Protein chains: 2
Amino acid sequence: MEYMNTAPTSPDPGEPRWLTDEEQRVWRAYIDATTLLEDHLDRQLQRDAGMPHVYYGLLVKLAEAPERRLRMTELAMSAKITRSRLSHAVARLEKSGWVRRADCPSDKRGQFAVLTDEGMEVLSRHAPGHVEAVRQAVFGRLTPEQQKSLGEIMRIVAEGLQPSEAGADLPWLR
Amino acid sequence: MEYMNTAPTSPDPGEPRWLTDEEQRVWRAYIDATTLLEDHLDRQLQRDAGMPHVYYGLLVKLAEAPERRLRMTELAMSAKITRSRLSHAVARLEKSGWVRRADCPSDKRGQFAVLTDEGMEVLSRHAPGHVEAVRQAVFGRLTPEQQKSLGEIMRIVAEGLQPSEAGADLPWLR
DNA sequence: ACGAGTTATTTGAACTCTCAACTTCCATCG
DNA sequence: CGATGGAAGTTGAGAGTTCAAATAACTCGT
């Protein structure tokens, strides 16, 4: 896609504002890194713990929650995934014995996802390996300044995509 | 997962080196941002162009290649995905009429993925919307310094996970 | 108490991805 | 040449994800 960006003109709906060469390089680096990293972590966890990275993340969220339990919707929002996806995921984790569902007394529609002892056990057993993988792939390679910068940048991007509170599924508006 | 990291001791295989609080915050921001962004782009492209983001990326790579064609393995490596995944993806893109396969004359095992005119057409038709989405979610929110920093960081991470050249599937060794 | 309009969650089908074979062909070496 | 090992690409089954639709229960206003 070679398009020249000759004139720094004002918003022209006719000709879109393409990415500059430098922006393209950044964007491609982003895509490469995230693709590789996601794959890397998925494999590591699938091999060692028998679950993909997202599922591991769900167990972590539950482990940190009071009484190791969260309402489905809260868990979904916290993990940034849709309720549907979570529903399927929990079904699988339930089959593995790492999570169980519990009814919500105050709202009969509601369900809690509860981390079982087995689930907790799997988590502690594989946390070291996972942390090691993350450190090796990311933190072990970045300077403290870069780490700080990465945090700031990712927070900005994440906030830009969140319905910033509000509760629907994931209708990032627009 | 509350573990205190009291002593900055030397490599102790007994107690793993957990992430510090600050590292955790960075890591979570990373997960949130990448999850949200991937989802956002997937939806945008699925809705507008009828394909997931990865597939769109494949078309872009082909569009940039000489004669709009690449060997399957090269394309897979370039997109950082496995050959198997690519094989399925190309099968689907072929069904949509955006890519076709061509035999390689010099190596009878080889296959080219070739971008069709239709494929090119879809690409140009939806590139503006995609670029706009990327700009809105990422570049539009970051300072020039942050963009530069992001590029450097992502390059480092990507390189750390690449078999750094070499040609196998994706056995990033260890 | 009734019904309209939400909210919580699930479901199933279609699609995508992974993993482990499997097929075919190339290359090298004796 | 013929065998052996590697490389290119595909395949099918199982697992995960998406999307739209369905179910059930809550909330209000009247």
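So that the names make sense, note that chain A is the first sequence line, chain B the second, and so on, each numbered from 1. All values reported here derive from a predicted model rather than from experimental measurement.
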Participant: Excluding sequence neighbours, so at least two apart, what forms side chain to side chain contact (heavy atoms under 4.5 Å, CB included) with Ser78(B)?
Facilitator: Lys61(B)
Participant: In residues 102-113 of chain B, which ones come under 4.0 Å of DNA chain C, going by heavy atoms?
Facilitator: Asp107(B), Lys108(B), Arg109(B)
Participant: Name the pairs: protein N/O against N/O of nucleotides 2-5 of chain D, kept only if under 3.5 Å.
Facilitator:
none

Participant: Who pairs with Arg155(A) by side chain to side chain contact (heavy atoms under 4.5 Å, CB included), at least two apart in sequence or on another chain?
Facilitator: Arg25(B), Ala29(B)
Participant: Nearest whole Å is fine: how far is dT11(D) P from Met72(B) CE?
Facilitator: 10 Å
Participant: Can a side chain N or O of Arg92(A) be found less than 4.0 Å away from OP1 or OP2 on dG16(D)?
Facilitator: yes
Participant: Please collect all ring pair (Phe, Tyr, Trp, His ring centres under 6.0 Å) contacts where either partner lies in residues 119-160 of chain A, sequence neighbours excluded, each pair once.
Facilitator: His53(A)-His130(A), Tyr56(A)-His130(A)
Participant: Distance check: side-chain N/O of Arg71(B) vs OP1/OP2 of dG9(D), anything under 4.0 Å?
Facilitator: yes
Participant: Could you pull out the closest heavy-atom pair between Met120(B) and Leu115(B), with the gap in Å?
Facilitator: SD-CD2, 3.6 Å
Participant: Just to verify, what does Glu152(B) make a side chain to side chain contact (heavy atoms under 4.5 Å, CB included) with, not counting sequence neighbours?
Facilitator: Gln146(A), Lys148(B)
Participant: Rounded to the nearest Å, what distance is computed from the CD1 atom of residue Ile81(B) to the P atom of nucleotide dT10(D)?
Facilitator: 12 Å
Participant: When the distance from CZ of Arg101(B) to P of dA8(D) is rounded to whole Å, what number comes out?
Facilitator: 16 Å
Participant: Following the transitive rule for hydrophobic clusters with a side-chain heavy-atom cut-off under 4.5 Å over Ile, Leu, Val, Met, Phe, Trp and Tyr, establish whether Leu142(A) and Leu150(B) coincide in one cluster.
Facilitator: yes
Participant: Starting at atom CG of Leu45(A), determine the distance to atom P of dA15(D), rounded to an integer number of angstrom.
Facilitator: 18 Å
Participant: Polar atoms only, N or O, under 3.5 Å: list the protein pairs with nucleotides 17-21 of chain D and their distances.
Facilitator:
| from | atom 1 | to | atom 2 | distance (Å) |
| --- | --- | --- | --- | --- |
| dT17(D) | OP1 | Arg85(A) | NE | 3.2 |
| dT17(D) | OP1 | Arg85(A) | NH2 | 2.6 |
| dT17(D) | OP2 | Tyr55(A) | OH | 3.1 |
| dT18(D) | O4 | His88(A) | NE2 | 3.0 |
| dC19(D) | OP2 | Arg43(B) | NH1 | 2.5 |
| dC19(D) | N4 | Ser84(A) | OG | 2.6 |

Participant: Over how many whole Å does the gap from Leu86(A) atom CG to dA8(C) atom P extend?
Facilitator: 13 Å
Participant: If you look only at pairs with a residue in residues 88-102 of chain B, which of them pass as a salt bridge (charged side-chain N to carboxylate O under 4.0 Å, His left out), with sequence neighbours excluded?
Facilitator: Glu94(B)-Arg101(B)
Participant: Measure the distance from CZ on Arg83(A) to C1' on dA25(D) and round it to the nearest whole Å.
Facilitator: 14 Å
Participant: With Arg125(B), which residues qualify under salt bridge (charged side-chain N to carboxylate O under 4.0 Å, His left out), at least two apart?
Facilitator: Glu121(B)
Participant: Could you tell me which residues satisfy ring pair (Phe, Tyr, Trp, His ring centres under 6.0 Å) with Tyr55(B), sequence neighbours excluded, listed by chain and number?
Facilitator: none
Participant: Going by salt bridge (charged side-chain N to carboxylate O under 4.0 Å, His left out), name the residues that satisfy it together with Arg68(A), two or more places apart in sequence or in a different chain.
Facilitator: Asp117(A)
Participant: What residues form a side chain to side chain contact (heavy atoms under 4.5 Å, CB included) with Glu118(A), not counting sequence neighbours?
Facilitator: Trp98(A), Thr116(A)
